[in-house]
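See below for the structure under consideration.
Heavy atoms only: backbone and side chains are in, while hydrogens, waters and symmetry mates are out. None of the values given here were measured: they were computed from a predicted structure.
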Amino acid sequence: MAAQIQYADVEVGTELPAASFPVTRATLVQYAGASGDFNPIHWNEKFAKEVGLPDVIAHGMFTMAEAIRVVTDWIGDPGAVVEYGVRFTRPVVVPNDGQGGLIEVTAKVAAKLDDNRVRVDLTAMSAGQKVLGMSRAVVELA
């Protein structure tokens with residue numbers, strides 16, 4: 001695969017298509033099985049509340065992975081992501097109500113760099129609160 005977006009066609013401020021990612025308790029169980037992270041805060045409501053959380057929460061790495069999908073869907077090649085980092089600011093709460101939680105992600109090109117690379121700044125929200133801070137990716141474009 002190769003990036004589908006041309007460096008010359010991108011300007012600082014270019015907004016990527018926003019996306020929303022639903023998160024249910026079933027999603028968390030599937031992620032736990034794939035990642036091997038069976039911490040009970042991600043599946044046991046009683047335990048999560050006993051340790052001071054409002055409810056079961058999504059895995060931080062799951063939240064991070066969902067957010068970068070906005071970038072990889074835009075460029076068409078996950079391998080074009082050269083760097084990616086975030087700070088976890090708030091958890092994504094996943095109630096057992098049949099609907100779960102929702103991660104809403106927006107992103108825009110913040111800087112054009114050398115070697116056909118751009119820095120993309122992402123904003124990830126859930127329940128009206130920012131869940132990732134300093135969320136930035138560097139991607140190599142065509």
Side-chain angles (χ1 to χ4, degrees), residues 1-7 9-10 12-142:
M1 288 182 140
Q4 304 298 311
I5 304 295
Q6 299 291 317
Y7 180 81
D9 295 337
V10 175
V12 170
T14 298
E15 293 186 14
L16 283 61
S20 296
F21 305 99
V23 187
T24 64
R25 296 282 177 96
T27 308
L28 299 182
V29 170
Q30 292 168 337
Y31 183 81
S35 69
D37 182 352
F38 293 99
N39 186 322
I41 63 173
H42 303 304
W43 57 270
N44 184 319
E45 186 174 327
K46 181 179 180 290
F47 182 84
K49 289 181 176 181
E50 284 175 355
V51 298
L53 295 168
D55 208 328
V56 166
I57 62 170
H59 303 73
M61 296 302 285
F62 172 82
T63 302
M64 186 178 176
E66 290 291 80
I68 197 65
R69 286 176 56 190
V70 168
V71 176
T72 58
D73 288 351
W74 174 66
I75 58 176
D77 177 13
V81 177
V82 177
E83 296 175 28
Y84 179 45
V86 306
R87 287 191 181 164
F88 300 105
T89 57
R90 285 190 166 39
V92 174
V93 178
V94 184
N96 192 21
D97 61 2
Q99 299 212 12
L102 186 67
I103 303 167
E104 300 172 285
V105 183
T106 59
K108 67 179 175 180
V109 175
K112 290 187 84 167
L113 309 171
D114 294 333
D115 299 325
N116 285 3
R117 294 178 178 188
V118 296
R119 189 186 89 216
V120 177
D121 290 354
L122 298 93
T123 301
M125 307 283 290
S126 184
Q129 296 187 8
K130 195 173 189 179
V131 295
L132 298 176
M134 301 294 292
S135 184
R136 295 180 175 164
V138 173
V139 295
E140 188 171 338
L141 302 180

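Distance check: S20 OG to E66 CD gives 11.0 Å after rounding to the nearest 0.5 Å. For the atom pair CG (L16) and OG1 (T72), the distance works out to 10.0 Å, reported to the nearest 0.5 Å. With rounding to the nearest 0.5 Å, the separation of CD1 in I41 from CG in L28 is 10.5 Å. To the nearest 0.5 Å, atoms CZ (R90) and OG1 (T63) are separated by 14.0 Å.
In terms of heavy atoms, A124 sits closest to I103 at CB-CG2, 4.5 Å. Residue M61 comes nearest to Y31 through the heavy atom pair CB-OH, 3.3 Å, listed as atom of the first residue, atom of the second, then distance. Annotation for L102 and S126: closest pair O-OG, 2.9 Å, computed over non-hydrogen atoms. The minimum heavy-atom distance between V23 and V94, with the atom names listed, is O-CG1, 3.4 Å. Across V12 and A111, no two heavy atoms sit closer than the pair CG2-CA, 3.9 Å. Here the closest non-hydrogen pair linking V105 and L122 is CG1-CD2, 4.1 Å.
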Checklist entry - Where do V10 and W74 land on the side-chain contact (heavy atoms from CB on, under 4.5 Å) test, with the steps shown first? => result CA-CA 12 Å; V10 175; W74 174 66; 4.0 Å; yes

Donor-acceptor pairs under 3.5 angstrom involving side-chain atoms of residues 135-142: please list them, not counting sequence neighbours.
none

Listed pairs under 3.5 Å, donor-acceptor, residues 75-89 side chains, sequence neighbours left out:
from: D77; atom 1: OD1; to: G79; atom 2: N; distance (Å): 2.9
from: Y84; atom 1: OH; to: M64; atom 2: O; distance (Å): 2.8
from: T89; atom 1: OG1; to: K130; atom 2: O; distance (Å): 2.9
from: T89; atom 1: OG1; to: V131; atom 2: O; distance (Å): 3.2
from: T89; atom 1: OG1; to: L132; atom 2: N; distance (Å): 3.4

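Every pair passing ring pair (Phe, Tyr, Trp, His ring centres under 6.0 Å) that includes a residue from residues 32-54 is listed here, sequence neighbours excluded: H42-H59. Residue pairs meeting the salt bridge (charged side-chain N to carboxylate O under 4.0 Å, His left out) criterion with at least one member in residues 101-116: none, sequence neighbours excluded. For residues 54-64, the set of pairs meeting the salt bridge (charged side-chain N to carboxylate O under 4.0 Å, His left out) definition, not counting sequence neighbours, comprises R25-D55.
Between F62 and T27 there is a side-chain heavy-atom pair separated by less than 4.5 Å. Counting heavy atoms from C-beta on, the side chains of V56 and N96 never come closer than 4.5 Å.
Counting heavy atoms of neighbouring residues, nucleotides and ligands inside a 6.0 Å radius, atom CD of Q99 does not exceed 12 of them.
Listed by chain and residue number, R119 satisfy the side chain to side chain donor-acceptor pair (under 3.5 Å) test with D121 (two or more places apart in sequence, or in another chain).
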